2 protein chains.
Amino acid sequence: MDLEAVRTFVAVAEAGQFQEAAAELAVTQQAVSKRIAALERNLGVRLFSRTARGAELTIDGQAFLPHARELLRAAERAGASVRPGRRPLRVDVLTSRSAQSGLMRGFHRAHPDIELDVLMLFDIETAVAAIRSGAIDASFRAVAAPGRPLPEDIESVRVLDEPLQLLTGPAHALAGARSVTLAQLTGHRIWMPGIVPGTEWTAYYDDLVAEFGLTIEATGPNFGSDALLDTIADTPALATFMGEHTRLIWPADHGLRRIPVTDPTPVYPHSLLWHRDNPHPALATLRAHLAATTAGHDAAGTWAPRWVIPR
Amino acid sequence: MDLEAVRTFVAVAEAGQFQEAAAELAVTQQAVSKRIAALERNLGVRLFSRTARGAELTIDGQAFLPHARELLRAAERAGASVRPGRRPLRVDVLTSRSAQSGLMRGFHRAHPDIELDVLMLFDIETAVAAIRSGAIDASFRAVAAPGRPLPEDIESVRVLDEPLQLLTGPAHALAGARSVTLAQLTGHRIWMPGIVPGTEWTAYYDDLVAEFGLTIEATGPNFGSDALLDTIADTPALATFMGEHTRLIWPADHGLRRIPVTDPTPVYPHSLLWHRDNPHPALATLRAHLAATTAGHDAAGTWAPRWVIPR
DNA sequence: CTTAGTGAACAACGGGTGGTTGTGAATGAC
DNA sequence: GTCATTCACAACCACCCGTTGTTCACTAAG
């Protein structure tokens with residue numbers, strides 16, 4: 001399947017004849033004829049019925065035409081995604097199922113005309129470097145880890161405090177609780193596999209441990225959320241933290257429990273980071289959207305590390 | 001933009017190195033290197049950062065990857081749309097904004113996994129020929145015109161009676177009516193441009209004229225719905241019929257009125273046609289869906305030509 | 001530090017694809 | 001019948017793509 005042949009097909013379908021399409025594409029009529037013939041040979045069907053005064057689509061050609069247009073649009077979008085200058089707004093999020101993705105989906109619904117690329121970088125160091133180099137336009141992160149202030153050319157604003165909930169199996173001691181306090185969790189083992197040392201997650205949970213005396217185990221590789229859920233469901237002595245807005249594939253027969261945490265509720269702070277001088281027009285739109293949709297949250301009764309930037 | 005290069009890009013991104021991708025694609029590592037280099041040259045950005053133990057995506061590459069996958073999916077769908085055997089279900093509708101399209105959208109919502117191609121053929125003759133040849137699987141039509149019974153190998157079922165409404169401008173004599181009867185329309189000029197002689201529309205309106213003494217003018221070429229709406233809005237002596245479910249781009253300042261017609265309400269009958277021996281599995285699903293969603297309509301107080309097949 | 005191994009880039013060669021020119025066949029208008 | 005239009009086919013040519021052979025860069029083990 002050759003994109004140039006598909007482009008030629010669409011041109012002929014619109015022009016109604018080979019010659020006019022050839023003129024538009026700046027090739028000879030014979031070249032168009034060969035391209036269409038090659039496309040028809042590849043697909044195994046006849047796309048045009050040739051007449052003495054042009055070419056008209058067969059039924060197969062009519063069915064193929066919208067797919068051909070969509071294919072060309074996809075190629076155009078793919079090219080635009082990396083075109084320097086006027087490329088889509090590029091935003092880095094933590095994970096594809098996080099509350100941040102929810103914010104971006106809301107932004108996309110509010111501004112469906114704004115081209116958007118969402119990606120997931122490794123850590124905040126990479127993200128900041130990418131923002132400074134102009135490779136990405138914005139990043140959702142928890143900033144800043146203590147002792148590591150953001151560079152002067154990076155601006156940030158706190159956009160979302162995501163309450164953490166306790167996730168336990170059915171045999172866990174707290175499985176029946178309607179809610180638990182942070183003090184009640186002292187002595188219980190909280191398992192957070194996959195927390196990579198040096199990322200902003202580490203600093204957050206370090207502070208949580210220091211202030212409330214929790215036992216958080218970050219050991220072990222991250223085998224994915226399925227393995228995590230399996231283990232939590234089967235191990236009475238283990239629980240884990242999970243963002244309130246996190247949506248998982250929820251195995252029905254695991255009997256997992258989500259339990260709100262109170263007095264105070266630990267919240268994971270999400271901030272938007274961007275470069276002071278970034279001229280992308282959609283960036284201003286995104287900031288305005290986030291400011292409008294995330295305003296008015298109440299910080300009373302919640303806990304976050306002292307080093308996070310204030311709201 | 002070469003699809004083979006894009007395919008190679010995705011393979012390298014998944015394999016993490018050029019050599020393994022080359023083995024998967026059954027070419028040499030050098031060919032992969034040249035394809036990626038050509039793609040990078042065309043796009044003007046570097047997609048991989050080459051290391052001593054493989055290649056990893058740059059940020060541009062990460063942004064490009066989902067678009068590349070989408071591009072390959074689009075190519076796959078385009079090819080499948082004309083592949084003989086196991087191609088998408090191909091259904092012919094009257095117009096893209098008709099109630100039939102609404103039925104197909106409902107079917108697509110109910111069965112999003114079923115691949116579907118919707119097209120618009122010229123008239124019922126073409127449609128029947130296409131059904132018999134296997135070029136399409138089903139067609140929504142008003143069947144059958146009097147004296148032209150369907151061939152024996154074509155089956156049909158009536159799926160929808162669409163009530164017709166009167167469309168007038170603000171200065172029309174009936175513009176203020178909450179509803180009108182067919183008898184009230186005697187003497188008024190009904191304008192239906194673009195009705196092609198010989199199509200099933202003609203037979204329908206011929207019957208309507210014969211039974212109720214209306215004045216229907218089918219003269220003049222069809223300049224599109226915009227021109228039709230403009231003329232109706234500006235001409236006090238003209239009105240037209242329009243399906244109740246038809247959704248148009250509605251110019252706000254035209255003052256157009258939709259007026260229900262009663263005693264009886266003329267309904268335009270839509271039937272589904274298909275070939276007796278068509279083995280496409282999705283065809284049975286479509287028929288079941290239509291039978292389930294269009295059941296229970298009331299024919300009391302409506303009018304349709306006597307020659308249409310009964311419900 | 002040396003050496004072996006891996007992975008990617010570069011150079012040269014051969015084959016195939018794609019574009020052009022020239023020509024022929026079919027259809028429709030006058 | 002003649003002409004104009006349109007598409008298909010054949011021959012020629014150039015360029016691009018893939019292969020082979022080789023070199024360079026980096027890593028890891030001894």
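Since the model is a prediction, treat every value here as computed from it, not as a measurement. A, B, ... follow the sequence lines: proteins, then strands. Residue 1 opens every chain.
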Ion pair check, A/R90 and A/E115, cut-off under 4.0 Å
no
Contacted region of DNA chain C by chain A, from 5' end to 3' end of the hits, cut-off under 4.0 Å to heavy atoms, spans C/dG19 to C/dG28
Expected output: side-chain B/T240 to main-chain B/I190 donor-acceptor under 3.5 Å:
no
Is A/D92 paired with A/R141 through a side-chain N to carboxylate O contact shorter than 4.0 Å?
yes
Is any side-chain heavy atom of B/D2 closer than 4.5 Å to one of B/V6?
no
If each end axis of the helix from C/dC1-D/dG30 to C/dC30-D/dG1 is fitted on five C1' pair positions, the angle between them, to 10 degrees, is 30°
Judged by each residue's nearest nucleotide on DNA chain D, which is more toward the 5′ side, B/R35 or A/S33?
A/S33
Could you state the atom-to-atom distance from CD of A/E4 to C1' of D/dC17 in whole Å?
17 Å
Using atom CD of A/Q19 as one end and atom C1' of D/dA4 as the other, report the distance to the nearest whole Å.
11 Å
Please confirm whether the shortest side-chain N or O distance from B/T28 to OP1 or OP2 of D/dG18 is below 4.0 Å.
no
Separation of D/dC24 atom C1' from B/Q29 atom CD, nearest Å, is 12 Å
Worked verdict on A/D137 versus A/H275 for side chain to side chain donor-acceptor pair (under 3.5 Å):
CA-CA 7 Å; A/D137 300 304; A/H275 193 279; over 6 Å; no
On DNA chain C, nearest-nucleotide positions of B/Q17 versus A/A38: which is more 5'?
B/Q17
Take atom CD of B/E56 and atom C1' of D/dC26, then tell me their distance rounded to the nearest Å.
14 Å
Heavy-atom nearest nucleotide on DNA chain C taken for B/G16 and for B/K34; more 5' hit belongs to B/G16
Can you figure out which of D/dG18, D/dA8, D/dC7 approaches the side chain of A/Q30 most closely?
D/dA8
Output the rounded distance in Å from CZ (B/R41) to P (D/dC17).
8 Å
Does any part of the side chain of A/V91, heavy atoms only, come nearer than 4.5 Å to the side chain of A/M104, both counted from C-beta?
yes
Can you check the B/L25 CG to D/dC17 C1' distance for me, whole Å?
15 Å
For B/A127, is there any backbone N or O sitting under 3.5 Å from a side-chain donor or acceptor partner on B/R132?
no
Over how many whole Å does the gap from B/N42 atom CG to D/dC16 atom C1' extend?
13 Å
Output side-chain donor-acceptor pairs under 3.5 Å for residues 7-22 of chain A, partner residues at least two apart or in another chain, one line each.
unit_1	atom_1	unit_2	atom_2	d
A/T8	OG1	A/E4	O	2.7
A/T8	OG1	A/R35	NH1	2.8
A/E14	OE2	A/R69	NH1	2.8

Side-chain contact, heavy-atom cut-off 4.5 Å: A/R50 with A/I36?
yes
